[in-house]
Amino acid sequence: MPPLPRNQDVADALDELADVSEILGEQGFRVLAYRRAATRIRETGASVAELAQQGTAKELPGIGATIESKIVEMTETGSMSALEKRRAEVPAEVRQFLRLPGLGPKTAARIWRELGVTTLEELRVAAEQQRVRSLQGLGAKSEERILEALAKGFGPEPERRGLLGVGLPVVRQVVEELRAHPAAVQVSGAGSVRRGRETFRDLDVIATATDPAALIGHFVTLPWVLDIAARGDTKATVVTKQGLRIDLRVVPPEDFGSLLQHFTGSKDHNVALREEAQRRGLSISEYGVTVVETGEVRRFADEGDLYRFLGYEPIPPELRESSGELQAARNGSLPTLVEVGDLVGELHCHSDWSSDGKASIEEMARTAKANGYRFLALTDHSHYLREGRMEAQWQEIDEVNARVKPFKVLRGVEANIRADGAIDVADELLAELDWVVASLHHAFDKSPTERILAAIDDPRVDCIGHLTGRKLNRRAGADVDIEEVVARAVETKTALEINSQPDRLDMRDVHARLAGEAGVLVPVTTDAHSTGALGYRELGIAQARRAWLTKDQVLNTRPWREIAKLRS
DNA sequence: GCCGTTTTCGGCCCGACTGTTTTCAGTCG
């Protein structure tokens, strides 16, 4: 039996099946169903292959008996015959045509079938020889666009997305600048950044104004604007000197709620919302809700009013991913999500005792205290604390504690999980520590699940740090069996953190949700190596909210004496 | 292919933009 396919593998197969089916001109709604199933699978924390084998994958919305059987087939044989069959019909590179901007499945199919073009190189030659324009509906502009895209080259790399930690401050700054303008009435960030998603493609800002043209004029002349990509009466797009795209939409005050809802997304959330409304004879767009029968249009200045009108509790942006939030909002069973202000302590951070640390223990402690925290577990890397240095650090911690009372610095460590699963700190030292984080730092491909389970089983380990070791845009995480790890963590009362580093945010949202539902207490930590990095907690909190976590499910919302009691 | 407080059959979000066209299909978000 082949190894169990990961959710990513299953989703990729379904997406490819959708692509080739579409090029072959199969029924659009079936293609849509494949894509929806792929998205659902990517956003599922549990192993869909396992669910399919148990016959319960079809309980996931968008997955029925047919797709479940395809997943079972892939689990048992390593491939899907429906996909293999179509792969044999569509030349491999024709699928790549879809990645060219403005080129969809219909056009790709015609280029292949009517021109006999089967590779990107042949497509380039055909466009140069002006043969593409011989197709009905395509002209010189189309050829130009194709050549331009091909010349730019698009490698196998998926597009890089910006990090939330980069986008969030930019959106805040833009919103602040626009609010300060006399023409502005209401201004808000929208889009995936408002949903707290870990990465973004572009940044969205919406506004109402007494003089929209004046506000847009101000927007496009902000000092960090490099280029104006589009500029009209109600919207503009600029590119910043950092290379970020920012969209601004300006609407009348009475439509602010509808527009904010529309541009916050997600797309899937909006589609699901509109489908439910449609069944009740309502049509939703960014301009309001139309009662289809009468043609009457309801407009909403307030986003919450829009949700309430449709029969839902207002849904926090972080939950708008079409993963159960509509049903919960209808039943009135939305969770009360954890907030930044609920955090009272730090459980993973570093000082200059680690060579990559920038601040002293006292500086870290004083900054945490100024942020409203009451304790901080100092968890410097174990390999900088060898040969008596750990004992020396404890002495400094004692001295700092005397000066920062009643704030408390705790003796901690971030231990390394060795390739054999052992923790690289001596037993007699571990016994003296208040808080032990264990993390993978190398050999990510060497039995990561087994090593993490070994660390969890070690009674002196309190928390697993950055579970998969992923670095956004740089490396995928280790292939960790999340469900097994979560189950063992529940058994042993071991914590699994959400690491707030902008390029980690590890555990990811759906895994943290799985952990929370299973009963794991999840600390939101910063892994700060400087005083400023303690501010990353807002990123981790966004991730925790996306994982549906409440204050009770986040460990470091509790005072240290309670946490100390829980570790045993 | 999925799904159901109108439906187990007959639907499937909505609007803007683009390039190509004289009314629209395809693509995108």
Side-chain angles (χ1 to χ4, degrees), chain A residues 14-15 17-19 21-23 25-41 57-71 80 82-83 97-111 132-146 148-149 159 190-192 195 200-204 206 229-230 232-235 237 245 247 249 251 255 258-259 261-290 292-293 297 310-311 322 326-327 330-331:
Chain A
L14 285 169
D15 266 333
L17 179 58
D19 282 351
S21 299
E22 204 168 23
I23 291 168
E26 292 180 35
Q27 205 209 83
F29 290 111
R30 187 191 297 170
V31 172
L32 184 66
Y34 292 147
R35 289 202 206 286
R36 282 187 173 181
T39 305
R40 172 63 41 230
I41 290 164
K58 55 181 171 297
E59 286 169 20
L60 295 167
I63 295 179
T66 309
I67 290 183
E68 180 174 272
S69 71
K70 286 179 163 55
I71 300 171
M80 278 180 203
L83 174 58
F97 294 179
L98 300 180
R99 292 170 56 195
L100 295 162
L103 240 173
K106 299 260 177 14
T107 317
R110 294 180 56 213
I111 289 173
V132 172
R133 67 181 66 175
S134 69
L135 297 174
Q136 179 82 317
L138 294 175
K141 267 271 168 59
S142 310
E143 286 173 344
E144 209 174 285
R145 255 192 337 193
I146 288 169
E148 199 183 327
E159 61 162 338
S192 58
R195 301 199 309 279
F200 64 88
R201 197 188 55 246
D202 53 21
L203 303 173
D204 295 293
I206 68 159
D233 293 339
T234 64
K235 81 182 259 196
T237 302
R245 290 179 72 86
D247 280 334
R249 270 297 282 271
V251 295
D255 292 330
S258 281
L259 193 78
Q261 197 285 321
H262 176 79
F263 278 104
T264 296
S266 68
K267 180 172 176 284
D268 289 339
H269 171 83
N270 286 353
V271 168
L273 186 77
R274 289 166 181 203
E275 280 177 352
E276 291 199 352
Q278 201 196 34
R279 282 182 220 122
R280 295 187 289 140
L282 301 171
S283 171
I284 305 174
S285 81
E286 59 263 53
Y287 303 109
V289 179
T290 307
V292 175
E293 200 161 303
V297 179
L310 295 169
S322 191
L326 287 176
Q327 197 185 358
R330 232 180 2 247
N331 306 335

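A note on names: the letters A, B, ... follow the listed sequences, proteins ahead of strands, and every chain is numbered from 1.
For A:Gln261, the side-chain hydrogen bond (donor to acceptor under 3.5 Å, both in side chains) test picks out A:Asn270, A:Tyr307, with sequence neighbours left out. For A:His262, the side-chain hydrogen bond (donor to acceptor under 3.5 Å, both in side chains) test picks out A:Arg274, with sequence neighbours left out. Remark: A:Ala33 pairs with no residue by the side-chain contact (heavy atoms from CB on, under 4.5 Å) rule, at least two apart or across chains.
The 5' end of DNA chain B is approached more closely, in terms of each residue's nearest nucleotide, by A:Val271 than by the other of A:Leu103 and A:Val271.
The distance between atom NZ of A:Lys267 and atom C1' of B:dT27, rounded to the nearest whole Å, is 12 Å. As rounded to whole Å, 15 Å separates atom C1' of B:dG26 from atom CD1 of A:Ile23. Residue A:Lys106 contributes atom NZ, which lies 12 Å from atom P of B:dC28 at whole-angstrom precision. Rounding to whole angstrom units, CZ of residue A:Phe263 and P of B:dC28 are separated by 17 Å. Remark: C1' of B:dC3 and CG of A:Leu326 are 15 Å apart, rounded to the nearest angstrom. Atom pair A:Gln27:CD and B:dC9:P shows a separation of 17 Å (rounding to whole Å applied). Rounded to whole angstrom, the span from the CD atom of A:Glu275 across to the C1' atom of B:dG1 amounts to 13 Å. In this structure, A:Arg279 atom CZ and B:dC2 atom C1' are separated by 11 Å, rounded to whole Å.
With distances taken from any side-chain atom of A:Arg201 to the nucleotides B:dC13, B:dC2, B:dG29, the minimum falls on B:dG29.
Side-chain contact check for A:Thr264 versus A:Ile206: every heavy-atom pair is 4.5 Å or farther apart.
Nucleotides B:dC9 and B:dG15 have their C1' atoms positioned 29 Å apart, rounded to a whole Å. Across the C1' atoms, B:dC13 and B:dC2 are found 16 Å apart, a figure rounded to whole Å. For the P atoms, the distance from B:dC28 to B:dT20 is 15 Å, rounded to whole Å. For B:dG11 and B:dA16, the C1' atoms lie 25 Å apart once the distance is rounded to whole Å. B:dG1 and B:dT5 have their P atoms separated by 23 Å, with the value rounded to a whole Å. A distance of about 31 Å separates the C1' atoms of B:dG10 and B:dC17, rounded to the whole Å.
With salt bridges taken as basic N to acidic carboxylate O contacts below 4.0 Å, none links A:Lys235 and A:Glu286.
Residue-level contact check: A:Lys58 touches neither bases nor backbone, having no heavy atom under 4.0 Å from any strand. Contact annotation for A:Ile63: backbone-only contact, meaning every heavy-atom pair under 4.0 Å involves sugar-phosphate atoms and none involves a base.
In A:Arg110, the CZ atom is crowded: over 12 heavy atoms of neighbouring residues, nucleotides or ligands sit closer than 6.0 Å.
Across all strands shown, the partner of B:dG1 is B:dC12, judged by Watson-Crick or G-U wobble contacts whose two distances both fall under 3.5 Å.
Aromatic stacking is not marked for A:Phe29 over B:dC2, as the cut-offs of 5.5 Å for the centres and 30° for the planes do not both hold.
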Given protein heavy atoms under 4.0 Å, the one-letter contact record of nucleotides 14-24 of chain B, with B base, S sugar-phosphate only and - none, is simply BSS--SSS---

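Using a 4.0 Å cut-off, no side-chain N or O of A:Arg280 falls inside it from OP1 or OP2 of B:dG4.
Sorted by first then second residue, the salt bridge (charged side-chain N to carboxylate O under 4.0 Å, His left out) pairs that include residues 134-146 of chain A, not counting sequence neighbours, are A:Arg133-A:Glu143. Among residues at least two apart or in separate chains, there is no salt bridge (charged side-chain N to carboxylate O under 4.0 Å, His left out) pair with a member in residues 261-272 of chain A.
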